[in-house]
Amino acid sequence: MPTFNDLAQSVISGNLDQVTDQVQALISSGTDPVEIVNQGLIAGMNVVGVRFKAGDMYVPEVLMCARCMHSGLELVKPLLASKNIHSKGKVVLGTVKADLHDIGKNLVAMIMRSGGFEVIDVGIDVAPEKFIEAVKEHSPDIVGMSALLTTTMPAMKDTIDLLIKEGLRDKVKVIVGGAPVTQTFATSIGADTYAADAITATDLCKELVGA
Ligand code: B1M
């Protein structure tokens, strides 16, 4: 059976077949899907992040790693989803305007669903107006925003400001996250809460809806 380290290495090398085989082997052996994600897939992606920053990896290679991450997540998705059936609340979730990073957001969606939330995933590059449309259409309990770029973090504030302008701010709680986001930033833009990872995000959402 592959180790978590084997899986992380396969993500780092962008080897899609190997990632698929290893995730399937770990699932078949009864390994906790949350551990497969955290200790295998995310651990690999963390190394990719460090190498990308250092200039040791380039965008096409990172995209291969991202593809591996997506495929791995897709395989564990049904296991996470089947963990809970009663809806604890509704979350509209998206990556903010001009930001195309979706791995973390997809992971947050998956863990929230496994925690019993109904998640309406509005995708990437979501303009404030599109968040508002989704709030009007779905009446969620929570709006969740993800940003991975320092340049796109201000779009979180723009979205909260538009919620206020549209008279919707009191009707929803707002949670923000993503690598460059901090509690201080979240407080400064008027979000209700900030989470550093998907599991904390899910726990905090439960607190926000009193579940
Ligand atoms: Co980009 N990228 N990228 N990238 N990329 C970063 C973010 C960067 C930090 C890399 C670096 O330089 N070290 C850097 C940002 C610098 C900055 O702004 N400070 C960067 C850059 C510069 C760029 C481009 C501008 C590069 C270029 O083109 N020159 C470009 C921008 C494109 C755009 O968005 N407009 C770009 C492009 C890309 C790819 C397309 C190649 C690819 C994205 C593929 C995809 O998402 N489909 C990519 C990737 C993969 C990364 C890194 C390497 C990995 C991100 C990731 O998926 N991590 C990233 C480096 C890094 O973050 N260290 C980097 C794994 C994921 C599980 O973690 O998303 O942080 P994360 O999610 C976490 C938590 O943050 C949290 O939960 C998750 C874990 O449990 N979380 C939330 C996330 N959202 C949350 C929401 C919540 C709560 C928690 O509540 C709602």
Side-chain angles (χ1 to χ4, degrees), residues 8 11-12 14 33-74 76 80 89-115 117 119-127 131 134 140-156 159-160 172-183 185-186 189 191-209:
V11 172
I12 296 163
V34 175
E35 287 194 359
I36 298 176
V37 172
N38 284 335
Q39 297 190 44
L41 297 170
I42 293 186
M45 217 52 209
N46 284 343
V47 175
V48 172
V50 172
R51 294 194 183 165
F52 187 37
K53 186 174 186 177
D56 294 337
M57 281 180 97
Y58 299 99
V59 171
E61 292 167 286
V62 176
L63 278 174
M64 301 275 287
C65 305
R67 205 158 60 105
C68 288
M69 180 90 190
H70 275 299
S71 303
L73 288 177
E74 282 303 310
V76 293
L80 294 172
K90 207 188 275 184
V91 183
V92 160
L93 178 70
T95 302
V96 297
K97 186 174 177 179
D99 200 322
L100 308 177
H101 296 85
D102 68 354
I103 297 173
K105 184 261 300 166
N106 292 345
L107 192 55
V108 170
M110 216 177 273
I111 302 287
M112 281 184 176
R113 285 185 181 122
S114 77
F117 285 93
V119 178
I120 291 122
D121 186 341
V122 286
I124 53 173
D125 187 16
V126 181
F131 273 110
D141 305 285
I142 298 170
V143 172
M145 290 183 272
S146 181
L148 265 287
L149 300 170
T150 44
T151 49
T152 58
M153 284 164 63
M156 292 178 157
T159 304
I160 292 176
V172 292
K173 300 289 185 189
V174 175
I175 179 169
V176 293
V181 180
T182 60
Q183 179 62 61
F185 175 76
I189 62 169
D192 291 290
T193 195
Y194 151 78
D197 60 71
I199 292 173
T200 311
T202 305
D203 289 343
L204 288 172
C205 283
K206 285 179 191 166
E207 279 178 29
L208 287 175
V209 298

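Whatever order the structure lists them in is the order used to number ligands and atoms, beginning at 1.
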Next item on the list: Just jot down the ligand 1 atoms closer than 4.0 angstrom to any heavy atom of L148, in number order.
Entry: 7 (C), 15 (C), 62 (O), 69 (O), 70 (O)
Margin query: Residue-level breakdown please: for L93 versus ligand 1, do any non-hydrogen atoms fall below 4.0 Å on the side chain, on the backbone, on both, or on neither?
Written below: side chain
Margin query: As an exercise, state the distance from CZ of R113 to CG of D121, rounded to the nearest 0.5 Å.
Written below: 6.0 Å
Margin query: Tell me the protein heavy atom at minimum distance from atom 81 (N) of ligand 1, and give that distance in Å.
Written below: G178 N, 3.5 Å
Next item on the list: Give the atoms of ligand 1, by number and element, whose distance to some non-hydrogen atom of L63 is under 4.0 Å.
Entry: 40 (C)
Item checked: Distance from atom 61 (C) of ligand 1 to nearest protein heavy atom, with residue and atom -> G49 CA, 4.2 Å
Item checked: Side-chain heavy atoms of V126 within contact of M145, under 4.5 Å -> no
Check: When rounded to the nearest 0.5 angstrom, what distance separates CD1 in I124 from NE2 in H101?
Finding: 10.0 Å
Next item on the list: Answer side chain, backbone, both or neither: which part of A98 comes under 4.0 Å from ligand 1, heavy atoms only.
Entry: backbone
Next item on the list: Starting from atom 80 (O) of ligand 1, locate the nearest protein heavy atom and write down its residue, its atom name and how far away it is, to 0.1 Å.
Entry: A198 N, 2.9 Å
Check: For atom 12 (O) of ligand 1, what's the nearest protein heavy atom and its distance?
Finding: K53 CA, 4.1 Å
Note to self: Below 3.5 Å, N or O to N or O, backbone or side chain included: is there any such pair between V48 and ligand 1?
What the structure shows: no
Note to self: Can you report which non-hydrogen protein atom sits closest to atom 89 (C) of ligand 1, along with the distance?
What the structure shows: A195 O, 3.3 Å
Next item on the list: Give the contacting part of V108 toward ligand 1: side chain, backbone, both or neither, where contact means a heavy-atom distance below 4.0 Å.
Entry: side chain
Next item on the list: For ligand 1, find out whether one of its N or O atoms is nearer than 3.5 Å to an N or O atom of T150.
Entry: yes
Check: Where is the nearest protein heavy atom to atom 52 (C) of ligand 1: which residue, which atom, and how far?
Finding: F52 CD2, 4.5 Å
Item checked: Within-cut-off N or O pair, A66 and ligand 1, under 3.5 Å -> no
Checklist line | Main-chain N/O of I175 paired with D192 side-chain donor or acceptor, under 3.5 Å | finding: no
Margin query: Show me which atoms of ligand 1 lie under 4.0 Å from any heavy atom of D197.
Written below: 76 (C), 77 (O), 80 (O)
Next item on the list: Kindly state if atom 74 (C) of ligand 1 has a protein heavy atom within a strict 4.0 Å cut-off, that is, under 4.0 Å?
Entry: yes
Next item on the list: Just go through L100, T95, L73, T151 and tell me whose heavy atom is the nearest to atom 33 (C) of ligand 1.
Entry: L100
Check: Side chain, backbone, both or neither: which part of A196 has a heavy atom under 4.0 Å from ligand 1?
Finding: backbone
Next item on the list: For atom 29 (N) of ligand 1, state whether the nearest protein heavy atom is under 4.0 Å away.
Entry: no
Checklist line | Heavy atom of the protein closest to atom 46 (O) of ligand 1 (residue, atom name, distance) | finding: D102 N, 2.8 Å
Check: Heavy atoms of the protein only: does one fall short of 4.0 Å from atom 40 (C) of ligand 1?
Finding: yes
Check: Counting from 1, what ligand 1 atoms have a heavy atom of G104 closer than 4.0 Å?
Finding: 66 (C), 67 (C), 69 (O), 71 (P), 72 (O)
Next item on the list: Could you list the atoms of ligand 1 found under 4.0 angstrom from a heavy atom of D99?
Entry: 34 (O)
Checklist line | Nearest-contact summary for atom 20 (C) of ligand 1 - protein heavy atom, Å | finding: L149 CD2, 3.7 Å
Notebook entry, point to check: For ligand 1, is any non-hydrogen atom under 4.0 Å from H70's backbone (N, CA, C, O), its side chain (CB onward), both, or neither?
Noted result: side chain
Check: Are any non-hydrogen protein atoms located under 4.0 Å from atom 49 (C) of ligand 1?
Finding: yes
Next item on the list: State the atoms of ligand 1, each with its element, that fall below the 4.0 Å cut-off from a heavy-atom position in M145.
Entry: 86 (C), 91 (C)
Checklist line | Test item: protein heavy atom less than 4.0 Å from atom 10 (C) of ligand 1 | finding: yes
Item checked: Atoms in ligand 1 flagged as close to V59, the criterion being non-hydrogen separation under 4.0 Å -> 41 (C)
Notebook entry, point to check: Given that the side chain starts at C-beta and the backbone is N, CA, C, O, which of these parts of A201 lies under 4.0 Å from ligand 1, counting heavy atoms, or is it both or neither?
Noted result: side chain
Next item on the list: Heavy-atom contacts with M45 under 4.0 Å: which atoms of ligand 1 show up? List them by number with element.
Entry: 50 (C), 65 (C)
Margin query: With a 4.5 Å cut-off on side-chain heavy atoms, are I42 and D197 touching?
Written below: no
Next item on the list: Restricting to N/O/S, name the atom of H101 that gets closest to atom 1 (Co) of ligand 1.
Entry: NE2
